[in-house]
Amino acid sequence: MRVRFAPSPTGHLHVGNARTALFNWLLARGQGGTFVLRLEDTDEARSTVASADGILEDLRWLGLDWDEGPDTGGAFGPYRQTERLTVYRTQAERLRASGQAYYCFCTPADLDAAREAALRESRTPQYAGTCRGLDPATAQARVDAGEAAAIRFRVPDEAAVTFTDLVRGPITTDIAMIGDFVLLRQSGLPAYNFAVVVDDVAMAISLVVRGEDHVPNTPRQCLLYRALGVDPPQFAHLSLVLGPDHAPLSKRHGASSVGDFRARGILPEALRNYLALLGWSPGHDEEIVPLDELARRFRVEDVTRSAGVFDPDKLAWMNRHYLKEADPGRLAGLLEPHLVAAGHLAAGSGAAPAVQTFLRTCVPLIAGTVDQLADAPERLRPVFEAPRPAAVVEHLASEAAEAAEAGRAVVIAFAQELSARPRLTRESFREAAQQVRQRTGQKGRALFHPIRLALTGADSGPELDLLVPAIEAGADVPRDLGLPPIVGCRERAAICAAAILGV
Ligand code: GLU
């Protein structure tokens with residue numbers, strides 16, 4: 001099996017296209033096939049090198065490696081259409097020489113006028129056949145004399161063309177719906193339908209898996225395969241990916257490109273797993289499926305015809321799962337840019353060992369609790385922001401007299417307890433709390449609520465067992481390493497106790 005992903009580098013990699021790439025990749029990897037990457041960059045006005053680089057980078061990030069492609073090479077290259085222009089010309093000439101194509105001298109202005117007239121009269125625009133009957137020798141003479149010509153396909157005189165789609169079943173198109181179409185433009189650049197067929201033949205592609213927006217192109221492509229004397233590959237057209245409102249997923253819905261999700265801190269394994277289940281299911285309601293297992297079980301025949309509706313909540317749930325599973329060292333590294341973006345860390349400071357230790361200590365606070373790493377800075381706010389002592393005093397004062405008094409006593413005892421201790425670990429924090437319990441007689445919420453208030457100024461928040469070590473690791477980071485000063489637990493408690501005591 002040889003499959004391919006053939007993006008046009010005219011923008012970012014949309015998740016719908018990423019799913020197309022993934023399905024092709026799963027087929028190749030699951031069935032010992034070859035995955036080819038081809039850049040369809042013949043749209044001069046819209047293709048950019050930056051887009052091509054970005055698409056390759058996004059595919060790599062998703063872990064979808066290719067066996068042949070523009071950078072890796074391969075026996076069927078080149079894999080960039082702009083490097084294959086002579087191949088298209090040769091094949092177009094071949095079709096013209098056999099009478100299956102002809103020179104067309106119609107100017108873009110002529111064609112536009114005919115098209116507008118058809119639309120005005122509510123007819124489907126179709127080439128009128130102006131140059132179809134030109135005598136080939138005369139046409140050749142005009143070309144030899146320097147006149148610009150396109151090469152146009154002569155659609156055969158038949159009733160219909162049929163192909164069987166592995167997802168959608170047989171699809172028959174009335175040939176009267178297909179006018180003679182351009183293979184090679186006057187500029188020498190190939191039209192999409194022609195380039196794609198020439199390349200899929202030359203690259204020995206056996207199965208074409210792509211978006212359903214290409215269903216209307218497939219009958220034309222089938223005619224071209226026949227004209228070139230080769231059997232068409234198998235086709236499978238995937239439904240569009242829709243947003244929750246059932247409109248095609250776009251920027252309007254927030255994130256729609258792979259880069260958007262990556263920037264939000266969605267892990268590649270989560271996006272991959274999520275996209276695999278968008279329109280396909282391994283059965284038995286399984287949702288978390290490792291990649292090799294997906295590859296082993298994926299069958300394109302089992303993909304649904306109905307559109308895949310993108311469910312951000314389900315992706316968030318999967319991402320939480322994968323964040324929980326991920327290696328803490330890796331997450332610490334991934335956390336860095338988000339803290340930089342939130343202004344909690346200077347760019348480039350994550351390499352210092354003390355900052356590394358701090359980031360790793362922050363990981364348990366976010367893994368499994370945030371939907372995406374972009375939410376981590378907010379979750380970590382209590383680490384970076386010490387409470388205002390006046391607010392803590394006020395908060396305690398707002399409670400019932402007895403609880404307020406007990407709370408003040410806990411904060412004071414907690415401050416005294418910490419004054420003699422080095423920076424806390426999870427264990428020594430528990431011991432300290434135990435001591436405060438003994439000294440004040442408070443336990444449960446009556447013990448931990450005032451402690452939380454003194455450390456964070458808030459009623460609720462992350463587990464103290466996890467928060468305390470993160471605050472302490474932050475407080476231990478030397479000043480000049482790009483981390484704003486973090487006030488340690490001892491100091492937080494001392495300042496609150498002093499405010500309570502009015503000193
Ligand atoms: N370049 C086309 C696109 O990006 C895909 C062509 C194909 O898969 O046949 O939509």
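We count ligands from 1, going down the list as the structure has it; atoms in each ligand are counted the same way.
- The side chain to side chain donor-acceptor pair (under 3.5 Å) pairs that include a residue from residues 167-184 are Y102-D180, R132-D180, T162-T172, R168-E212, R168-S239, where partners are two or more places apart or lie in different chains.
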Give a table of atom pairs where an N or O of ligand 1 lies under 3.5 Å from a protein N or O.
| from | atom 1 | to | atom 2 | distance (Å) |
| --- | --- | --- | --- | --- |
| ligand 1 | 1 (N) | A6 | O | 2.7 |
| ligand 1 | 1 (N) | S8 | OG | 2.9 |
| ligand 1 | 1 (N) | E40 | OE1 | 2.6 |
| ligand 1 | 4 (O) | S8 | N | 3.3 |
| ligand 1 | 4 (O) | S8 | OG | 3.3 |
| ligand 1 | 8 (O) | R4 | NH1 | 2.7 |
| ligand 1 | 8 (O) | R4 | NH2 | 3.4 |
| ligand 1 | 9 (O) | R4 | NH2 | 2.8 |
| ligand 1 | 9 (O) | Y192 | OH | 2.9 |
| ligand 1 | 9 (O) | R210 | NH1 | 2.8 |
| ligand 1 | 10 (O) | H214 | NE2 | 2.8 |

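- Contacts classified as side chain to side chain donor-acceptor pair (under 3.5 Å) and involving residues 113-125 (residues at least two apart or in different chains) are given here: E121-R123.
- Side-chain rings of F5 and F35 stay apart, their centers remaining 6.0 Å or farther from each other.
- In terms of the ring pair (Phe, Tyr, Trp, His ring centres under 6.0 Å) criterion, residue partners of H214 (sequence neighbours excluded) are, by chain and number, Y192.
- No side-chain heavy atom of Y274 sits less than 4.5 Å from a side-chain heavy atom of E287.
- Closest approach of A28 to T34, counting heavy atoms only: CB-C, 3.9 Å.
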